[in-house]
Asks: 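Below: one structure in C-alpha cells.
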Amino acid sequence: MTTMQPAPEKFGDIITPFYYYDLNTLRATLDTLKKESESSGYKVHYAVKSNYNPRILQTISTYGFGADCVSGNEIAAAIKAGFKPSETVFAGVGKTDREIEAALAADISCFNCESIPEIEVIDSLAARLNKTARIALRINPHVEAHTHKYITTAVEESKFGINTWELDSVVSKLGELENVKLTGIHFHIGSQITMMSVFKNLCTKLNDIQKWFSSKGIFIETVNVGGGLGIDYDDPSKPPPFEEYFALFRKHTELLPGQTLHMEPGRSVTGQCGSLISRTVFIKNGKTTRFAIIDAGMTDLIRPALYQARHKIENLSSSGGKTCQYDVVGPVCESSDTFAQSVELPETQRGDFIAIRSAGAYGEAMASRYNLRNIPASYFSDDF
C-alpha cells in the first residue's frame with residue numbers, strides 16, 4: 001500500500017495548509033478490514049472520533065461497518081453519512097441528558113456505559129421516553145497498553161470504565177432498573193498499540209470476566225474489544241496488520257454459543273490515507289539549529305505537541321541533492337508548535353511544499369482555531 005502525494009505543480013492556487021486524502025489507500029485498507037471481519041464473523045464499528053470528514057465517513061459507511069461514537073454530534077454525523085442507527089454504539093464518560101435522549105430517539109444499538117450513575121440516568125431518561133435502552137458495561141481489565149499515558153485508558157485510576165471490583169454492585173443495580181437491558185461487555189485499553197501481546201493479555205482478562213458473568217447466570221450477547229490497533233508512523237506505506245490482529249482474537253478469545261465479537265478501529269482505518277500539506281514560509285538559522293518554519297501548525301495537527309508523536313516529513317518540492325537537518329516548526333505562538341527536531345530533508349527553501357504523513361487520523365478531527373487560524377480545507381486524490 002502506497003499513499004501517493006500529489007505533485008506540487010498540481011496544487012495551483014490551493015491555499016496551504018490543507019489535508020490531503022488518498023482514496024485508493026483508504027479503500028485498500030477498508031477492503032482488507034472487510035475481508036478479515038467477514039471471514040472472522042466479527043462486527044466492526046468505525047471509531048468516528050479519528051476522522052469525521054463527511055466524505056471519509058460516507059466512504060467507510062458503504063462497506064457496511066457500524067459506527068462507534070463518543071458524542072451526540074458524532075452520532076448525527078454518522079447517521080447522515082449512511083451508518084445505520086441499529087449498528088451505532090455510543091461511548092464516553094460524560095454523556096449529557098440531551099445526547100442520551102437523542103440517541104434513544106434514534107434507536108441506536110447500544111450505550112457503552114462507564115459508571116453506575118450513568119446507567120441510572122439512562123434508565124430514567126429511557127423511562128420518560130417509554131423506551132428500553134440496550135447497554136454494555138465498559139470494564140477496565142487492568143491491561144497495560146504500553147502506549148502514551150494520555151491514551152492509556154484501562155488502568156484502575158482512570159476516568160474511563162468500570163473496575164472489576166465494582167461489577168457485583170453494578171449487576172445488583174441493574175436488577176433494580178426496568179428501562180435498561182444489559183446486552184454486552186465492552187473494553188478499550190488504549191490507542192496506538194503496536195505490541196500484539198497487549199491484545200493477547202486483553203483476551204486472557206476478557207475470558208476470565210466472561211466466566212464471572214457465566215457464574216452469575218448472566219448471558220452476554222456481544223463482546224466488544226474496542227479499538228487501539230496502531231499504525232507505523234515511520235513507514236506511511238505500510239498497511240495496518242489486520243490479518244495478525246484478527247487471527248489473534250480468533251485464537252485467544254473464548255466466545256460462547258450465540259455471542260458475537262465487536263471491535264472499534266479508528267486510527268488503523270484512516271491514519272495512512274491522509275497527509276497534512278504545508279508550505280515553507282522561512283528558513284531560519286540559529287546558533288546550532290536550522291529551522292524550517294512552515295505554515296501548518298499544532299492547530300492543524302496537534303499530535304506532536306500533545307503526545308510527542310513522530311510523523312514522517314517529506315519535502316515534495318525537492319527529492320535529491322544536498323540534505324540538511326531541520327527542526328520543522330509551525331507559526332503558532334507556542335514553543336511546543338514543533339513537528340520534528342533534527343529531521344533530515346533535502347535542502348529546503350522558502351515556498352517548498354512539505355508533507356506530514358500519516359495524518360489521516362486525529363489530524364483534521366482535532367483541528368482548532370487557536371491564534372484565530374483557519375481550519376484547513378480538505379482535498380482528495382481524485383481532486384487532482
Asks: Counting N and O atoms only, with roles assigned by atom type, does the side chain of N201 sit under 3.5 Å from a partner on the main chain of V198, one being a donor and the other an acceptor?
Replies: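 Not confirmed, N201 side chain does not pair with V198 backbone.
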Asks: Would you indicate whether the side-chain heavy atoms of T299 and N371 approach each other to under 4.5 Å?
Replies: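 A side-chain contact is absent here, since even the closest heavy-atom pair is not under 4.5 Å.
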Asks: Going by atom types alone, do H188 and N224 pair a side-chain donor with an acceptor below 3.5 Å?
Replies: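 There is no such pair (donor and acceptor under 3.5 Å, judged by atom type) between the side chains of H188 and N224.
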Asks: Less than 4.5 Å apart, side chain to side chain, heavy atoms only: is that true for V223 and F249?
Replies: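 A side-chain contact under 4.5 Å is absent here.
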Asks: Check whether any side-chain heavy atom of P376 lies under 4.5 Å from a side-chain heavy atom of E364, and answer yes or no.
Replies: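 A side-chain contact is absent here, since even the closest heavy-atom pair is not under 4.5 Å.
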Asks: Would you say T88 and F90 make side-chain contact, with heavy atoms under 4.5 Å?
Replies: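 No; the side chains remain at least 4.5 Å from each other.
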Asks: Using a strict cut-off of less than 4.0 Å between a Lys/Arg side-chain nitrogen and an Asp/Glu carboxylate oxygen, indicate whether E120 and K173 qualify as a salt bridge.
Replies: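 Salt bridge between E120 and K173, a charged N being under 4.0 Å from a carboxylate O: yes.
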Asks: For the residue pair C273 and T29, establish whether any side-chain heavy-atom pair is separated by less than 4.5 Å.
Replies: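 Heavy-atom side-chain distance check fails, nothing below 4.5 Å.
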Asks: When you compare the side chains of T323 and E344, does any donor N or O come within less than 3.5 Å of an acceptor on the partner?
Replies: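 Side chains of T323 and E344: pair found under 3.5 Å.
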Asks: Is the ring pair Y63/F65 parallel, tilted or perpendicular, if the boundaries are 30 and 60 degrees?
Replies: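 Parallel.
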Asks: Run the salt-bridge test on R134 and D107 with the 4.0 Å N-O cut-off and return the result as yes or no.
Replies: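 Result for this pair is yes, salt bridge flagged.
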Asks: Near Y370 OH, under 6.0 Å, is it more than 12 heavy atoms from other residues, nucleotides or ligands?
Replies: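 Yes, OH of Y370 has more than 12 neighbouring heavy atoms, counting only those of other groups under 6.0 Å.
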Asks: Using side-chain heavy atoms (C-beta onward) and a distance below 4.5 Å, is K49 in contact with E264?
Replies: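 Answer no - side chains too far apart.
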Asks: Please determine whether the number of non-hydrogen atoms from other residues, nucleotides or ligands lying under 6.0 Å from atom NZ of K205 exceeds 12.
Replies: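 Yes, NZ of K205 has more than 12 neighbouring heavy atoms, counting only those of other groups under 6.0 Å.
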Asks: Could you go through residues 324-331 and list every donor-acceptor pair under 3.5 Å that involves a side-chain atom there, pairing it with any protein atom two or more places apart or in another chain?
Replies:
from : atom 1 : to   : atom 2 : distance (Å)
Y326 : OH     : T348 : N      : 2.8
D327 : OD1    : S342 : N      : 2.8

Asks: With sequence neighbours excluded, what pairs up with K43 under the side-chain hydrogen bond (donor to acceptor under 3.5 Å, both in side chains) test?
Replies: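 With sequence neighbours excluded, K43 shows a side-chain hydrogen bond (donor to acceptor under 3.5 Å, both in side chains) to E87, given in chain and number order.
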Asks: Are side-chain heavy atoms of I60 and N51 found at a separation under 4.5 Å?
Replies: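 They are not in side-chain contact.
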Asks: Thinking salt bridges, do D382 and R55 make one under a 4.0 Å N-O criterion?
Replies: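 Salt bridge present between D382 and R55.
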Asks: If you define the side chain from C-beta out and look only at heavy atoms, does anything of Y21 sit under 4.5 Å from T270?
Replies: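 No, side chains not in contact.
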Asks: May I ask you to check whether F11 and F18 place their ring centres under 6.0 Å from each other?
Replies: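 Close enough - the centres of the two rings lie under 6.0 Å apart.
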Asks: Does a side-chain N-to-carboxylate-O contact under 4.0 Å join K216 and D168?
Replies: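 Salt bridge present between K216 and D168.
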Asks: Does the separation of the ring centres of Y362 and Y307 fall below 6.0 angstrom?
Replies: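 Ring-ring flag for Y362/Y307: false, centres at least 6.0 Å apart.
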